Protein chains: 4
Amino acid sequence: MPVNRDDTPPPHTSDTRKRGRPRDPRVHDAILGAARDLLHEAGPAAVTMEAVAQRAGVGKPTVYRWWPNRHAVAMAALMDAGPAPDRPRSKSRHATARRRPLDDLERQLLVVADTLASRTGRHVTAMIAAADPNTEVAKAFRHHFVLARRSEGRLMLEQAVQRGELRADLQIDVALDQIYGALFFRLLLGHAAVDGTFVRALVAQALAGLQAPRD
Amino acid sequence: MPVNRDDTPPPHTSDTRKRGRPRDPRVHDAILGAARDLLHEAGPAAVTMEAVAQRAGVGKPTVYRWWPNRHAVAMAALMDAGPAPDRPRSKSRHATARRRPLDDLERQLLVVADTLASRTGRHVTAMIAAADPNTEVAKAFRHHFVLARRSEGRLMLEQAVQRGELRADLQIDVALDQIYGALFFRLLLGHAAVDGTFVRALVAQALAGLQAPRD
Amino acid sequence: MPVNRDDTPPPHTSDTRKRGRPRDPRVHDAILGAARDLLHEAGPAAVTMEAVAQRAGVGKPTVYRWWPNRHAVAMAALMDAGPAPDRPRSKSRHATARRRPLDDLERQLLVVADTLASRTGRHVTAMIAAADPNTEVAKAFRHHFVLARRSEGRLMLEQAVQRGELRADLQIDVALDQIYGALFFRLLLGHAAVDGTFVRALVAQALAGLQAPRD
Amino acid sequence: MPVNRDDTPPPHTSDTRKRGRPRDPRVHDAILGAARDLLHEAGPAAVTMEAVAQRAGVGKPTVYRWWPNRHAVAMAALMDAGPAPDRPRSKSRHATARRRPLDDLERQLLVVADTLASRTGRHVTAMIAAADPNTEVAKAFRHHFVLARRSEGRLMLEQAVQRGELRADLQIDVALDQIYGALFFRLLLGHAAVDGTFVRALVAQALAGLQAPRD
DNA sequence: GGATAATCGAGACGGTACGTCGCGTCTTCAT
DNA sequence: ATGAAGACGCGACGTACCGTCTCGATTATCC
């Protein structure tokens, strides 16, 4: 399930095209496959260029031709592997008497939590935190795994505001960070579980606010 | 401003105590000093055992005698360097007409945000992510820089609940992650600023809740 | 004056041959050259992998790629440096009224003695003693510097026996050790000089025997 | 069976004598014992100061107080262990019809060969060849294990000359090296066995000479 | 009998070298 | 032109011993 084969690394593919041996597409896959395997067999530290190349049955320079360094390969492998939490096609949108606000957001969060709580999830957060934040790959990676989800969330919040379910003066960016940040925080610090119970409590409490009701 | 010299690295302190040449405290300081310097001159990647040893004017094995690897040294250096956001002694604020609930929490968060937004802050998060999370040093580090602040926050929340400012059925752990997590999230993803405005909006919105008022 | 470039280090020459970048012969030479220099500037103890690598302008791993340890490098350097006492081509001495038996052996011994009495000679014996005697390199080394000479000697003795100059029931191996051993013994124990006088006396006395003539 | 406890290391024992704690004789023995054990458990390379000290239950400085380095300790251990080939008390000297000349020398050589052919023997030769030849310890060691035997041999040769068994113009030093050197040579190079057969052939052939009898 | 002094166990310390791993570049041959 | 193979310079890793040092604890003799 490769995500975007064409734009991933378009380095020299510029103009002339078609001279000499055409590149072998299987090479690309073999490399990412090897990286992926190494990743969840022994963690991000094991994704060395040397190991990847050998495992993929590929020369080191070939790997370097397409990715600039180990981080890039690992990230590409992760992004290639699964297209992030599968976008929750909110089918329940149809007609039901709407239960709670942000019902859809909660559903998305459950999926995200599930993904991130896996072994792969640990790797994702670790790599986000460890990589040089200014790299293109890093940006793409962050966007792919987190900010894209957050953008979907923004949409949901905006709609909910329009529906009058959320307060009109809502600071959406802050709200999003309240919610998605809580997930990440637990994941990174590891001080508590990231599960369904937590997600539901999180949404509920964010909605209701901490403050005591004024009765 | 060393924090707690006694418990920093209690490595082989087993039983007999006081046999052989006592360790030279200047060595300890020189090592951490060198690590600290390297850290904010060139980032965590520059905290090499070799560089640390040379800069501290110390043999490599001496460094290894007290810390198991580069991560541990870097973490110790950071922990030793600054005592984390100085605990805001908010007790003197007693009698004034109390303004908003969680006023004290907000003040603490401002300090934390300030610390973490600095260059050092980036290092802290990067190191949390990079180190093996199950190590003792890593646990100590996480606790020192994050969880300790979170614990202080828990105290404030509990008091606020008792004062009736916050709802009685509050899920404190969730609330804490909502707030501290948001800070970390921005820091890690870098999609928006971590400043006073953000902190104030965060506390306010967490308190009030996202939901539209019912009236 | 490299002796035999081909067989010097035949390490992984297994099967496929000729894949990948061929090794740079200059590297090989630079390493042995550096080792040789270090050797007779400061003795065998100075032939450190680190020093060799640095002096050769080469990475340490490159040295290890071709030789397993410091002994091997030093030995290779020595073997590469001088082709051992140049084999005395004694064939041209054919028709002259032959003087004494073992005249040719004596000539060879003089050269050997000369070589071994030099600084290099001390190194040779020291290295023979220091290296693990079962290693391939060690065997090659011993053969190159000592046993090869002894083999040449064996040839001479056999011919002398055939010419009737030496007793027919001669135990050649014992005889060889009597002679070459005496050289080495002096070299190793250092209790007396290893010079021309000694060599001549040695050959003469071995020939004549210690026993008082019977007549 | 310690050899010479008193003169082994008389370092500061100069004048004042007897102030402070007297040295513990058991320490001395423990150190040499440990060294000896290490030596024939794992060879000379295993006789490190650290290992010796620990095994002897002794502080490193204590070892250094009495011996300057690892070589010295190893040699001392070896010399302390056995007093070299027990001097063959030539009891057969009495009245028997004298068999062969150098009968007594042969007997001594058999003992020497036996000793040196053992594992310990290998160590002895290796250490002789490896040690810095100019050191006092090295000289003592060489003398103890080899030159002392050679001196005994000289005595026998001189007596044999006087008895008219050996030629009057014998170059005794050369003769000695012919014989003892052959032993050492085999030991060091390892190209042939050092056993009784060899020793007997050696003595016989040295006596008779290589030369064909003039009929 | 208390001062003095050397010995001893322990182990910290500055070093040097070890042998290994991975990086990212380069060179060669085969396709 | 691509790709597999792998040599290469480099830098850091973590370990083993070196030989020196500084401790506290003994264990004697000397005053």
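So you know, we letter chains A, B, ... as the sequences are listed, proteins then strands, and number each from 1. Keep in mind it's a predicted model, so treat the numbers as computed, not measured.
- Atom-to-atom, CZ of R26(B) to C1' of dT22(F) comes out at 11 Å; the value is rounded to the nearest Å.
- Between the CG atom of D24(C) and the P atom of dT28(E) there is a distance of 9 Å, given to the nearest Å.
- Contact annotation: the side chain of I31(A) approaches that of W67(A) to within less than 4.5 Å [non-hydrogen atoms, C-beta and beyond].
- Of the residues in residues 48-64 of chain B, G57(B), V58(B), G59(B), P61(B), T62(B) come within less than 4.0 Å of DNA chain E through at least one heavy atom, sorted by number.
- Taking the side chain as every heavy atom from C-beta outward, K139(B) and E136(B) approach each other to under 4.5 Å.
- Between the side chain of R119(C) and the main chain of H40(C), a donor-acceptor pair closer than 3.5 Å is present.
- At whole-Å resolution of the value, CZ in R21(C) and P in dA30(E) are 17 Å apart.
- Regarding contacts with the backbone of dA12(E), every side-chain N or O of W66(B) stays at 4.0 angstrom or more from both OP1 and OP2.
- Between W66(D) and H28(D), the ring-plane angle classifies as perpendicular under the 30° and 60° cut-offs.
- Mapping R70(A) and P22(B) onto DNA chain E via the closest heavy atom, the residue that lands nearer the 5' end is P22(B).
- Between the CZ atom of R65(D) and the C1' atom of dC8(E) there is a distance of 7 Å, given to the nearest Å.
- Terminal axes of the helix from dG1(E)-dC31(F) to dT31(E)-dA1(F) (five pairs each, C1' rotation axis) are separated by 10°, to the nearest 10°.
- Between H71(B) atom NE2 and dA12(F) atom C1' the separation is 13 Å, expressed in whole Å.
- Nearest nucleotide to the side chain of V27(D), out of dC13(E), dG9(E), dC8(F): dG9(E).
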Stepwise side-chain contact (heavy atoms from CB on, under 4.5 Å) check, V124(B) with I128(B): CA-CA 6 Å; V124(B) 168; I128(B) 286 179; 4.1 Å; yes

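- In this entry the distance linking CH2 of W67(C) with P of dT20(E) reads 16 Å, nearest Å.
- When rounded to the nearest whole Å, the span between CD1 of I31(D) and C1' of dC8(E) equals 10 Å.
- Not a single donor-acceptor pair under 3.5 Å links the side chain of R70(A) to the backbone N or O of M49(A).
- Legend: salt bridge (charged side-chain N to carboxylate O under 4.0 Å, His left out) pairs involving residues 41-51 of chain C, not counting sequence neighbours, sorted by first then second residue: E41(C)-R55(C), E50(C)-K60(C).
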